[in-house]
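Heads up: the structure comes next, in structure tokens.
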Amino acid sequence: MGQMTVQIVTPHGMIYQHHAQFVMARTTEGELGILPGHTNLLAVLAVDELKVRRVDDEDHVDWVAVNGGVIEVADDTITIIADSAERARDIDVSRAERAKKRAEVALEQALSEHSIDQEQRARIALQRAINRINVGSK
Ligand code: ATP
């Protein structure tokens, strides 16, 4: 069976690099399941979880909160470039809960002030916080 290399790059450097047999990501176009031999592609990622089934252990799955960015598949190498991404075990869920509350307050304020820019920022911050809570709770 073939295998792939998954690498995740953020401004903090290469935060993840492993061999995988299966990867599931969500792009702005929908869910993307990737097996070895997948067609090369470049897509925009949603703020969502990334699932990586590793090759070394059939039952070993890594979950990563990827907060937008791009995914490239090129000859069995999957590269994700994101402003931020955290592995489940590195997520501080209580910090994300606090960020969620702040984003909810900011969203309410933006809606009452009809500020579209502020509303968009608050919605993205809320999505990031919810993503971290979901992944960090796995
Ligand atoms: P906060 O308001 O809690 O800082 P944020 O959404 O503003 O959240 P970002 O600007 O997206 O945070 O990220 C800043 C840095 O902190 C990034 O390196 C990111 O990986 C890390 N980070 C953010 N939230 C968490 C968390 N809950 N657990 C672990 N690392 C986090």
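First listed ligand is number 1; within each ligand, the first listed atom is number 1.
Contacts with ligand 1 closer than 4.0 Å are made by side-chain heavy atoms of Ser84 only, the backbone lying farther away. Counting heavy atoms closer than 4.0 Å to ligand 1, residue Asp90 contributes backbone atoms (N, CA, C, O) but none from C-beta onward.
Ranking protein heavy atoms by distance to atom 9 (P) of ligand 1, first place goes to Arg132 NH2, 3.8 Å. The nearest heavy-atom contact from the protein to atom 18 (O) of ligand 1 is His12 NE2, 2.8 Å. Among protein heavy atoms, the minimum distance from atom 19 (C) of ligand 1 is reached at Glu86 OE2, 3.2 Å. For atom 10 (O) of ligand 1, the closest non-hydrogen atom of the protein is Arg128 NH2, 4.7 Å. The shortest contact between atom 15 (C) of ligand 1 and any protein heavy atom is with Arg95 NH2, 4.1 Å. For atom 2 (O) of ligand 1, the nearest non-hydrogen atom of the protein is Arg102 NH2, 2.6 Å. The closest protein non-hydrogen atom to atom 28 (N) of ligand 1 is Asp92 N, 2.9 Å.
Contact atoms of ligand 1 toward Ile91: 28 (N), 29 (C) (distance under 4.0 Å to a heavy atom of the residue).
Using a distance-only test at 3.5 Å, with no hydrogens or angles considered, a donor-acceptor pair links the side chain of Asn131 to the main chain of Asp48.
With a 4.5 Å cut-off on side-chain heavy atoms, Ile71 and Ile34 count as touching. Contact check for Leu32 versus His38: side-chain heavy atoms found under the 4.5 Å cut-off. Here the side chains of Gln3 and Asp76 are not in contact, with every heavy-atom distance at 4.5 Å or above. Between Ile8 and Leu50 there is a side-chain heavy-atom pair separated by less than 4.5 Å.
Closest approach of Arg132 and Ile91 over heavy atoms only: O-CG2, 3.5 Å.
For Lys100, the salt bridge (charged side-chain N to carboxylate O under 4.0 Å, His left out) partners at least two apart in sequence or on another chain are Glu104.
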